[in-house]
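Reviewing the structure listed below.
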Number of protein chains: 2
Amino acid sequence: MNSPNKRKPATELVSELTTNRLSVYLRCLTQLESAGVETISSQALAEQFHLNAAQIRKDLAYFGEFGVRGVGYYVKDLKRNLRQILGLDRKLRVAVMGAGNLGLALADYPGFKREGFEIVSMFDVADAKIGDESRSGVPICDLRELKKVVRKERIDIAVIAVPAESAQHVLEQVVAAGIKAILNFSPGALDVPPGVKVKNVDLTVSLESLSFYLAQGIDDGH
Amino acid sequence: MNSPNKRKPATELVSELTTNRLSVYLRCLTQLESAGVETISSQALAEQFHLNAAQIRKDLAYFGEFGVRGVGYYVKDLKRNLRQILGLDRKLRVAVMGAGNLGLALADYPGFKREGFEIVSMFDVADAKIGDESRSGVPICDLRELKKVVRKERIDIAVIAVPAESAQHVLEQVVAAGIKAILNFSPGALDVPPGVKVKNVDLTVSLESLSFYLAQGIDDGH
DNA sequence: TTTTGTGAACTAGTTCACAGCT
DNA sequence: AGCTGTGAACTAGTTCACAAAA
């Protein structure tokens, strides 16, 4: 009915929870593949990785019919399809904004390279840092060169790792340079223009939410 | 009916989305306070920070009646109440597991200290690192000393920043040492024993989800 | 058989709208 | 008057359960 090659329009009718799970499924399949597994049912996948079988099927069904009834999914095929759906069938080029502790750590984070992301350059405003490079050799460029470098290096994604007070300004620069996808580590909500996707990783919120759990969850009476 | 001092049982009947938002509200109030604002209505708070007024009221109403009808909320009071609800009325002590790039960056992350968290120590297995310290002076301890240090330093929260392949093992050590709240940066789902709260920050999933947006979402028409 | 793909049922989360308090 | 706190209505997300396919 809906072959793997004719996809749905999918202009934001698929939720972020679903796209996050697609990435999880891809990781599971990679593990299965290197374990030599050739086919897997949604049931088995769910049991092995603590997921829900119906949800796996529903998530996948958004994008086509990838399974074979009575058999399950061919691991290699599904993996290839997921990589295509997620846009990972080409190398994505990433810039890190801010060459502080966190920015440098993210630029050298091995998980990104492993998944096929290419950290192309970092940007900072401090003259002392510009021209230098990270341990693994990612060059630190002048923020004022952003537009030029983005065009020349064909950068797809920006990671914002600058202090809170300059985050909004940096976001605007990044957007002006034509970048449409941003991973933001600075705390607080940024004002995001339409057509641009921002994912926030808010470390303070995460820790404070854990603190809540400790404060409330442990004992009501100790 | 439900005064600020008699709280609901709240043993996991309040969702994580709510607790995350409480942390956001606290940050907003801190900003308002330093801007000299004394009272604020849910309406004004919502407009200023792009939130929903009814949701703010509902979230707060879980924990008591903090507002004054016809007036709104007293910024200072509500801030104090939120800090208490979130368990931030004492300094929380944090250990970072793994003294790699990311671990070192997190140990020195200024946002944690600013919000009242105390990064007490790091743990690693590499002899070359043990005994050393981060730039800001957080000591790197031997993982084998974990239990002892956790007890002595009264550590509340662990941040896991070790390679994926040792994450499960480190989690088990951390739990065995009595820690009940964990912020995990390693990719993939960990097997978590009951009574322990883990928050995952999965950088690969975040980037791949952005990639999906680029692959599917780009053209709005133009 | 087995297992998918999917409507229907259910559960969780959000927003509305207003009674009631100040 | 203004604004909270909250049931009711709505929307989003998950899980069930089964007809149809291999």
Side-chain angles (χ1 to χ4, degrees), chain A residues 1-8 10-22 24-25 29 32 37-75 77-78 81-82 85 209, chain B residues 1-8 10-22 24-25 29 32 37-75 77-78 81-82 85 209:
Chain A
M1 195 165 263
N2 193 8
S3 93
N5 288 357
K6 44 171 169 157
R7 299 274 158 68
K8 300 204 177 156
T11 315
E12 211 52 80
L13 359 81
V14 44
S15 109
E16 201 153 319
L17 296 170
T18 299
T19 68
N20 287 347
R21 283 192 300 262
L22 293 180
V24 170
Y25 302 155
L29 292 167
L32 288 169
V37 178
E38 301 217 322
T39 79
I40 188 135
S41 69
S42 59
Q43 184 61 55
L45 193 60
E47 271 164 25
Q48 191 162 348
F49 297 97
H50 310 106
L51 307 165
N52 176 289
Q55 183 151 74
I56 295 171
R57 297 200 298 277
K58 216 152 227 180
D59 285 340
L60 296 176
Y62 260 103
F63 301 98
E65 300 205 339
F66 303 113
V68 181
R69 283 160 204 241
V71 178
Y73 300 88
Y74 289 99
V75 172
D77 278 9
L78 184 54
N81 276 304
L82 279 178
I85 292 164
S209 191
Chain B
M1 194 164 260
N2 194 8
S3 92
N5 288 357
K6 44 173 168 156
R7 297 275 156 71
K8 301 202 177 158
T11 316
E12 212 49 82
L13 0 81
V14 43
S15 111
E16 200 153 318
L17 296 170
T18 300
T19 68
N20 287 346
R21 282 192 301 262
L22 294 180
V24 170
Y25 302 155
L29 291 167
L32 288 170
V37 178
E38 302 217 321
T39 81
I40 189 137
S41 69
S42 59
Q43 183 62 56
L45 193 60
E47 271 163 25
Q48 190 163 348
F49 297 97
H50 309 106
L51 306 166
N52 176 289
Q55 183 152 76
I56 295 170
R57 295 200 300 274
K58 250 214 170 133
D59 285 339
L60 297 176
Y62 259 103
F63 301 97
E65 300 203 341
F66 303 113
V68 181
R69 287 163 202 235
V71 177
Y73 301 88
Y74 289 99
V75 172
D77 277 9
L78 183 54
N81 275 303
L82 279 178
I85 293 164
S209 191

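Throughout, protein chains are lettered first and strands after them, A, B, ... in sequence-line order, and every chain is numbered starting at 1. Just so you know, these numbers use all the heavy atoms, side chains as well, and skip hydrogens, waters and symmetry mates.
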**Request:** Using heavy atoms to find the nearest nucleotide of DNA chain C for A:Gly70 and B:Val71 separately, return the residue whose nucleotide is more 5′.
**Result:** A:Gly70
**Message:** Run the salt bridge (Lys or Arg N to Asp or Glu O under 4.0 Å) test against B:Arg57 and tell me which residues pass, sequence neighbours left out.
**Reply:** none
**Message:** Using a 4.0 Å heavy-atom cut-off, does A:Leu17 contact any base of the nucleic acid, only the sugar-phosphate backbone, or nothing at all?
**Reply:** sugar-phosphate
**Message:** Filter on side chain to side chain donor-acceptor pair (under 3.5 Å), then keep only pairs touching residues 46-55 of chain A, sequence neighbours left out; what's left?
**Reply:**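 Output for this query lists A:Gln43-A:Glu47.
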**Request:** Using a cut-off of strictly less than 4.0 Å, decide whether B:Tyr73 has a side-chain nitrogen or oxygen near OP1 or OP2 of D:dG5.
**Result:** yes
**Asked** What nucleotide, of D:dG5, C:dT6, C:dT3, holds the atom closest to the side chain of A:Ser41?
**Response**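 Nearest to the side chain of A:Ser41 among the choices is C:dT3.
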**Asked** D:dT14, C:dG13, C:dT14: which one has an atom nearest the side-chain heavy atoms of A:Arg21?
**Response** D:dT14
Would you kindly give the [atom1]-to-[atom2] distance between [X] and [N], to the nearest whole Å?
X       : N      : atom1 : atom2 : result
A:Leu60 : C:dT6  : CG    : P     : 11 Å
B:Glu65 : C:dG20 : CD    : P     : 14 Å
A:Tyr74 : C:dT2  : OH    : P     : 17 Å
B:Asp59 : C:dT15 : CG    : C1'   : 12 Å

**Request:** Go through the N and O atoms of the side chain of B:Arg69 and the base of C:dT22, and report whether any donor-acceptor pair is under 3.5 Å.
**Result:** no
Specify the closest pair of heavy atoms between [X] and [Y], including all atoms of both residues, with the distance to one decimal.
X       : Y        : result
B:Leu60 : B:Phe66  : O-CE1, 3.5 Å
B:Thr19 : A:Ser209 : OG1-OG, 2.7 Å
A:Tyr25 : A:Asp59  : OH-OD2, 2.6 Å

**Prompt:** Going by heavy atoms closer than 4.0 Å, what residues in residues 42-58 of chain A are next to DNA chain D?
**Reply:**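 Close to the strand are A:Asn52, A:Ala54, A:Gln55, A:Arg57, A:Lys58.
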**Heavy-atom side-chain proximity of A:Leu45 to A:Phe49 below 4.5 angstrom** =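 When only atoms from C-beta onward are counted, A:Phe49 and A:Leu45 do touch, with a gap below 4.5 Å.
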